[in-house]
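To keep things clear, I will list the structure first and then write my remarks on it.
The basis for the numbers below is simple: all heavy atoms, side chains too, and nothing from hydrogens, waters or symmetry mates. Everything numeric in this text was worked out from a predicted model, so none of it was measured.
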Amino acid sequence: MNRRADTGESYWMRTAALPAFAPLAGAVEADVAVIGSGIVGLSTAWELARAGLGVVVLEAGGLAGGVTGHTTGKLTALHTAIYDTLRSKHGDEAARQYAASQSAALRHVIEVSGELGIDCELERRPAFTYCAEADGVDALRAEADAAHAAGLDASFVTATGLPFPVAGAVKVEDQAQFHPLAYLAGLVEDITALGGRLHEGTRVTQLDDGDPCRLTTEAGATVTARHVVVATHHPVFDEALLSTRLSQHRDLVIAGAVAASQDPTGMYITQENGKRSVRTAPLADGGRLLIVTGEAFTPGTGEDTEAGYARLQAWAEQHFPGFSTAHRWAAQDNSSTDTLPLIGRLPTKGDNAYVATGFAGWGMTGGVLAGTIIASLVRGDEDPWGGLYYPGRVGSPVRSAPTYLKAQWDVGKHFVKDRLETLGDGTNGPAEDLRPGEGTVVRADGKPCAVHRDDEGELHAVSAVCTHLGCVVAFNNAERTWECPCHGSRFGIDGEVLQGPALKPLERRDPTDL
């Protein structure tokens, strides 16, 4: 059966015809168990099902309802301004491999959608990284040179399809954009036709590595599998401490209809003004859906997200007259400290557990690429990209050290500072002063307590200590969630896990005890 079209948060989730699957019950066996049903999980599952392996996909929530369901759906090898950084950190060959692998993933989506007859609104468009201010031009000239040297059809330009002048831009021809969930719906149909099994509402809480591996779910069901793929965005089984090499960020997204004449006919991004990303998608009436992303922030730091949405709306109205927000959502991404994603065998889990993470906001090509790499490893083939993305890589400690140390400083700062502020006098305000829709962290019996007042005036209280590694959560006032500033875990107002790496909910508290 199909889920109702209005149950998702994003435009993609509201317009995708994704099937629904029952939670896993009992004990099952498979060649490969895939944890997570975003673009990494489903791409990997499809590759392996096509290779004749028995696959089971386990999803804690609903299909593609996490990071993939809240993306902007760009398929491009131009990832803001990565190539000049790659050649300086990792060398010219690494930059060439990165460009070739990301481009191969783009082509793979086009080939697979054609082979399976998937109508995913695929459109070929150029991609641009631009700056409006003159002081950004030199960096973009260097990026254009690096991207071209890496093998992309890249050039520096000063003219774009945007409705305002730019000081300069990197342009890469013949990239693409699509409806990501429509594409994944096509993969799901083929996975099931090939005998693959999918289960929603099935949170995996334990991974016992070995040969075979054994997975245990929150409800007590088990899966025995020769191989396990951890495709949960942030790795939920992390004895290798990959989280110490990842930093989290969250972007706000708004979308609304504009006339076809206002289509800038390309995909655009800039790091100016807290980031701005622009693309359009086709609408049935011949108009275009303008999608604007920006106002990047670290989850759990108490940002006023409603104010961020207002700034994004004002920017869109200024540059696209007549625009009005019809949909809004937020996307969460993580970035590795050495720039490259982490894709391959999961360190410390033997030779039959795999992971993919750290896509830095470019998970559409990155996720498809991860599927091809992991499928090759599971089949016993060589990594087609020579281990460029191997999660256990040492890399260049000198060049990566500043980013790594900053990430750890930020985690340590929140772990100590937030406790001192919450357990001392510096709370975020007393619970009794909360208005409907607001949340705060207060002291209750000497412990941090997260309190929210809903629209009916009822208080909801849970522990404010993240169940992952113990940092103190903060309230997101637009999405009405509790978010951890250390590793990006997100919880509902009653403590339920919305996004990992946390596996357990926040413990409930009695509001009358505050």
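- Under a 3.5 Å cut-off, the side chain of R245 and the backbone N or O of P391 do form a donor-acceptor pair.
- Other residues, nucleotides and ligands contribute only 12 or fewer heavy atoms inside 6.0 Å of the NE2 atom of H148.
- By the neighbour-count criterion of 12 heavy atoms within 6.0 Å, atom CD of Q262 is densely surrounded, having more than that number from other residues, nucleotides or ligands.
- Side-chain contact check for S336 and D338: at least one donor-acceptor pair (N or O, by modelled atom type) lies under 3.5 Å.
- R328 forms a cation-pi arrangement with Y309, by the criterion of a distance under 6.0 Å to the ring centre and an angle within 45° of the ring axis.
- Put simply, CG on D351 and CG on D211 are 9.5 Å apart, with the number rounded to the nearest 0.5 Å.
- Between R288 and E121 no salt bridge is recorded (no basic side-chain N to carboxylate O distance below 4.0 Å).
- T305 places no side-chain N or O within donor-acceptor distance of the main-chain N or O of G308, the cut-off being under 3.5 Å.
- You'll find the side chain of L63 stays beyond 4.5 Å of the side chain of L184, heavy atoms only.
- Salt bridge annotation for R125-D263: present, with a cationic side-chain nitrogen under 4.0 angstrom from a carboxylate oxygen.
- A distance-only check finds no donor-acceptor pair linking the side chain of Y268 to the backbone of T160 [under 3.5 Å].
- Side chain to side chain, N334 and S247 fail the donor-acceptor criterion of an N or O pair below 3.5 Å.
- Taking 4.5 Å as the limit, every side-chain heavy atom of F178 sits out of range of all side-chain heavy atoms of D119.
- In this structure, the side chain of E143 engages the main chain of D84 through a donor-acceptor pair within 3.5 Å.
- Y354 and T44 share no donor-acceptor pair across their side chains, judged by distance under 3.5 Å alone.
- Put simply, the side chain of I110 reaches to within 4.5 Å of the side chain of R124, judged on heavy atoms.
- Between atom OH of residue Y389 and atom OG1 of residue T357 there is a gap of 14.0 Å, rounded to the nearest 0.5 Å.
- D251 and T293 form no side-chain donor-acceptor contact under 3.5 Å, judged by distance and modelled atom types alone.
- Of the listed residues (R87, E93, H79, H90), just one forms a side-chain hydrogen bond (donor to acceptor under 3.5 Å, both in side chains) with Y98, and that residue is H79.
- Ion pair R276/E295 flagged as a salt bridge, since at least one NZ, NE, NH1 or NH2 atom sits closer than 4.0 Å to an Asp/Glu carboxylate oxygen.
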Exercise. Hey, mind stepping through T481 and E479 against side-chain hydrogen bond (donor to acceptor under 3.5 Å, both in side chains) and telling me if it holds?
Worked result: CA-CA 6 Å; T481 54; E479 299 177 85; 5.0 Å; no

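- The 12-atom threshold is not exceeded at CZ of R214, counting heavy atoms of other residues, nucleotides or ligands nearer than 6.0 Å.
- Note that R250 lies outside the cation-pi zone of F297, set by a 6.0 Å cut-off to the ring centre and a 45° limit from the axis.
- Going from atom CG of L116 over to atom CG of D190 covers 5.0 Å, rounded to the nearest 0.5 Å.
- Proximity of Y83 to D145: side-chain heavy atoms (C-beta onward) are nowhere separated by under 4.5 Å.
- No side-chain donor-acceptor contact under 3.5 Å links Q177 to the backbone of K74.
- Between the side chain of T68 and the backbone N or O of I39, at least one donor-acceptor pair lies under 3.5 Å.
- You'll find the side chain of L106 stays beyond 4.5 Å of the side chain of Q102, heavy atoms only.
- Two residues are said to be in side-chain contact when any heavy atoms from C-beta on lie closer than 4.5 Å; L187 and V112 meet this criterion.
- Under the 3.5 Å distance criterion, with hydrogens and angles disregarded, a donor-acceptor pair is assigned to the side chains of T15 and H179.
- The main-chain N or O of T129 is never found under 3.5 Å from a side-chain atom of K171 such that the two would form a donor-acceptor pair.
- Between the side chain of D383 and the backbone N or O of G387 there is at least one donor-acceptor pair closer than 3.5 Å.
- Formation of a donor-acceptor pair under 3.5 Å by the D153 side chain with backbone atoms of E173 is not found in this model.
- Checking side-chain atoms of T202 against main-chain N and O of L24 turns up a donor-acceptor pair under 3.5 Å.
- Between E47 and R379 no salt bridge is recorded (no basic side-chain N to carboxylate O distance below 4.0 Å).
- Inspection of the N273 and W315 side chains reveals no N or O donor paired with an N or O acceptor under 3.5 Å.
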